[in-house]
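Beneath this line is the structure, given in structure tokens, with notes to follow.
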Amino acid sequence: MLLRIRSRDGLERVQVGGPHVSISQLKALIGSQLQIPIHNQTLSTDRNLLLAKTPADLLRFTDMSDPSRPLTSLNLSHGSVVFLYYQGERTVRGGPPVCPAGSFGRKMTMDDLIAKQTRITRQESPHCDSVSFDRDSANAFQRYVNETLAFAVKRGGFMYGTVSEEGRVEVDFIYEPPQQGMEDDLILLRDPEEEKLVDAIAAGLGRKRVGFIFTQTIMQDKKDYNFSNKEVLQAAELHAESGLNEWVTVVVKLEANEDGDADVHFEAFQMSDMCVKLFKEGWFVTEFGEDDDPKLSKMKKEVVVGGKDVKEVDNDFFLVVVKIIDHQGPLSSTFPIENRNNLVTMRTLKNHLDRTKSLPFVKRIADFHLLLFLAMSHGLGSDVPALAECVSTETAVPEGYQLLIESMANTS
């Protein structure tokens, strides 16, 4: 029986006697066939093992911690994948033969020399300490993709907030651009004018674009990856475009829990410095075939991974885990969100203002999605950043603006 062993070095194979073999015997076989000491091995059927950063993280993976447990109890059979974490260095077997250069063999081109120097390793630490979500904003996003879209198609948005001196990213609202979501792809139909308004409102609120959030579909949950190759490309492109070291990419997915029920999970990552660099330099293959493995990114030139020259890189090499926390931000998230399948009218605005009439007017408009609606209605775009600044500083809204907004609402 053959098992596939996935580690930071990629995918390797180990020959075992059969499904009756115990975990301790499997470790011994890995030790002899892959040259990794038994005491240095942590095994699991959970792919997230490869994202572990500390010894405490490893303690969460207990499914293969009992040395006497047989492989059959884990539903492992011929061709199954087992994930392996180890520390230290080793020489990966099966590397390409060394060919002499010069008059005795193939000459090295400049591209060959560059490729020899392009080594892809895991980036241990992100540039941001953590990402904190405004609870209402995060809930509004996950509720829509869960209850309305049922995680059947992909959805995405840009996260806006602040970056502290300590490197913590605080997300206070999410802007969802026009888009087309499919089962395995997400196309953002980006409108430069609309995004210009969004950035201006954010600046008035003292916020800026700090990351990208997207969902995976329920069909993707059956696949063996954290990000697909298409998702790596999209995330790398947006990270490179941002020019922000602390830029965060968040994926939202639906996963079955131990009771068989489905839970919504938020997972945060940064694309590694090497990933962003390779994207900027055009190393990634951007066209995909039906037979391409989604958990591997294809490169136009060979790179060095785990001592091997390869043109396919496990996507996990490009991901750096970021801790997620939450906070209660100063903005409301109750006004209908832009670019969804709902018609937002002046009647919507009137209902919102009526519902919040007990609050000071500056609090009644303290909602990014409401401000964006105002900016896109009746030529108010250039005035809304000033309203956003009133919200940010909690100062009274000038009477002229208040009367104008209320009169707009009353035209419904």
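Each residue takes its place number in the sequence, starting with 1.
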Polar side-chain atom of [X] near backbone of [Y] as donor-acceptor pair, under 3.5 Å:
X      : Y      : answer
Asp191 : Glu194 : yes
Gln41  : Ile30  : no
Arg122 : Asp316 : yes
Glu147 : Tyr144 : no

Checking side-chain polar atoms at under 3.5 Å, does [X] have a donor or acceptor matched by the opposite partner on [Y]?
X      : Y      : value
Gln270 : His127 : no
Asp185 : Gln234 : no
Asp63  : Thr45  : yes
Ser68  : Asp66  : yes
Asp136 : Ser333 : no

Could you tell me the separation between the [atom1] atom of [X] and the [atom2] atom of [Y], rounded to the nearest 0.5 Å?
X      : Y      : atom1 : atom2 : value
Asn315 : Lys230 : CG    : NZ    : 12.5 Å
Leu197 : Leu371 : CG    : CG    : 11.5 Å
Thr345 : Lys350 : OG1   : NZ    : 12.0 Å
Glu170 : Met159 : CD    : CE    : 12.5 Å
Met346 : Leu349 : CE    : CG    : 6.5 Å
Ile23  : Ser65  : CD1   : OG    : 7.0 Å

Which heavy atom of [X] sits nearest to which heavy atom of [Y], and what is that distance?
X      : Y      : value
Glu246 : Gly167 : CG-O, 4.5 Å
Arg340 : Ala140 : NH2-O, 3.6 Å
Ile174 : Val171 : CG1-CG1, 4.5 Å
Ala52  : Asp57  : CB-CB, 3.8 Å
Gly181 : Leu186 : CA-CD1, 4.2 Å

Are [X] and [Y] packed together at the side-chain level, in the sense that at least one heavy-atom pair is separated by less than 4.5 angstrom?
X      : Y      : value
Glu195 : Tyr175 : yes
Met271 : Val320 : no
Phe83  : Leu50  : yes
Cys275 : Phe284 : yes
Asn226 : Asn48  : yes
Phe318 : Ile120 : yes
Asp134 : His327 : yes
Lys323 : Val131 : no

Please check if the number of heavy atoms outside [X] that lie under 6.0 Å from its [atom1] is greater than 12.
X      : atom1 : value
Glu389 : CD    : no
Asn341 : CG    : no
Glu394 : CD    : no

Salt bridge check: are [X] and [Y] linked by an N-O gap of less than 4.0 Å?
X      : Y      : value
Glu176 : Arg155 : yes
Glu312 : Lys295 : no
Asp326 : Arg135 : yes
Arg190 : Glu241 : yes

With Gln220, the side chain to side chain donor-acceptor pair (under 3.5 Å) member among Glu183, Lys253, Glu231: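 Option passing the side chain to side chain donor-acceptor pair (under 3.5 Å) with Gln220: Glu231.
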Whether Phe158 and Phe212 hold their rings parallel, tilted or perpendicular, with breakpoints at 30° and 60°: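 Plane angle between 30° and 60°, so tilted.
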Aromatic ring proximity, centroids under 6.0 angstrom, Phe214 and Phe227: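 Yes - the distance between ring centres of Phe227 and Phe214 falls below the 6.0 Å cut-off.
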Six-ring centre of Tyr160, Arg207 cation under 6.0 angstrom, axis tolerance 45°: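 No.
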